[in-house]
Amino acid sequence: MPRNNRDRALLAVTVTILVFMVLAAAMGGWPRSGAAAGNNQILQQAVFAYYERMPDHIYKIPEADLKKLVDAGDQSIYILDIREAKDFAAGHIAGAHNIPFKEVGRNLDKLPRDKTIIVYCYTGQTGGQTTAALNIAGFKARSLNGGMNNGWMKAGYPVVK
Ligand SMILES: O=S(=O)([O-])[S-]
């Protein structure tokens with residue numbers, strides 16, 4: 001369950017985007033013939049499945065839990081930093097890979113399907129959006145609580161360059 005206003009805002013943004021996608025498809029906002037109609041149906045099913053299978057952690061990971069995984073060198077996770085490249089270069093979580101937010105869609109082939117992708121941005125907003133999209137696309141993804149600024153850095157955890 002959302003723990004605070006930031007969590008609620010993140011969840012609201014995610015829900016709004018997904019509801020818009022479903023409504024647009026249902027109202028004919030997208031092409032309805034042939035393969036496109038089939039794709040719409042597949043997308044709707046994926047969105048419904050996303051909500052039906054919503055886990056208690058709502059695809060978020062607390063910063064302390066990620067710290068433990070990083071410290072343990074856990075190989076079951078893939079840390080995805082979606083901030084701008086210059087900010088990644090200035091300091092990122094050890095082992096993270098950088099694909100800026102707007103470039104994630106065209107780089108899905110670089111993401112692993114056999115690991116849990118831990119996404120982080122600056123404050124958690126775009127990280128939450130990316131996490132929802134990845135889960136709907138069939139990846140296993142979770143969003144770092146509070147992102148880099150309000151989560152990881154606020155907790156005083158280290159970054160590497
Ligand atoms: O990346 S952000 O959502 O925190 S602005």
Side-chain angles (χ1 to χ4, degrees), residues 1-25 29-30 43-44 46-51 53-71 74 76-113 115-161:
M1 295 304 290
R3 289 180 302 180
N4 54 40
N5 286 341
R6 193 181 65 227
D7 289 356
R8 275 188 281 279
L10 184 60
L11 186 59
V13 168
T14 303
V15 169
T16 301
I17 290 168
L18 294 172
V19 167
F20 175 80
M21 291 166 62
V22 171
L23 288 178
W30 292 335
L43 177 58
Q44 285 185 48
V47 171
F48 290 135
Y50 174 80
Y51 283 103
R53 297 181 196 144
M54 182 67 66
D56 287 344
H57 57 60
I58 60 168
Y59 299 112
K60 292 180 65 173
I61 181 168
E63 48 276 46
D65 290 3
L66 178 58
K67 174 80 163 51
K68 281 185 201 145
L69 295 172
V70 170
D71 288 349
D74 194 304
S76 71
I77 60 168
Y78 178 97
I79 305 174
L80 176 61
D81 181 326
I82 60 167
R83 298 175 305 150
E84 293 301 314
K86 67 175 171 41
D87 297 317
F88 179 84
H92 55 266
I93 297 173
H97 305 262
N98 183 226
I99 303 176
F101 176 56
K102 290 181 181 175
E103 297 171 25
V104 172
R106 58 176 164 265
N107 283 291
L108 292 180
D109 58 329
K110 294 187 181 145
L111 299 176
R113 290 194 178 267
K115 297 185 180 213
T116 298
I117 301 169
I118 309 292
V119 184
Y120 70 89
C121 59
Y122 298 94
T123 66
Q125 298 293 325
T126 53
Q129 291 179 38
T130 301
T131 296
L134 290 177
N135 280 307
I136 289 169
F139 292 91
K140 261 190 332 185
R142 290 177 69 175
S143 173
L144 174 62
N145 187 49
M148 175 59 94
N149 299 347
N150 295 342
W152 192 260
M153 297 292 281
K154 202 166 181 180
Y157 296 150
V159 295
V160 297
K161 291 189 179 182

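Predicted, not measured: the structure shown is a model, and the values here were computed from it. Remember, it's 1-based here, ligands and their atoms both numbered in the order they're listed.
In plain terms, the two heavy atoms of Leu111 and Tyr78 that are nearest each other are CD2-CE2, 3.6 Å.
Rounding to the nearest 0.5 Å gives a distance of 5.5 Å between CD1 of Ile117 and CG of Leu134.
Under the 3.5 Å distance criterion, the side-chain polar atoms of Tyr120 are matched with a main-chain donor or acceptor of Ile93. Judged by distance alone, the side chain of Arg142 and the main-chain N or O of Lys60 form a donor-acceptor pair under 3.5 Å.
Within the structure, side-chain hydrogen bond (donor to acceptor under 3.5 Å, both in side chains) pairs that include any residue of residues 83-101 comprise Asp81-Arg83, Asp87-Tyr122 (at least two apart or interchain).
By the 30° and 60° cut-offs, the orientation of the rings of Tyr50 relative to Tyr59 is parallel.
Using a 4.0 Å heavy-atom criterion, the residues that approach ligand 1 are Cys121, Tyr122, Thr123, Gly124, Gln125, Thr126.
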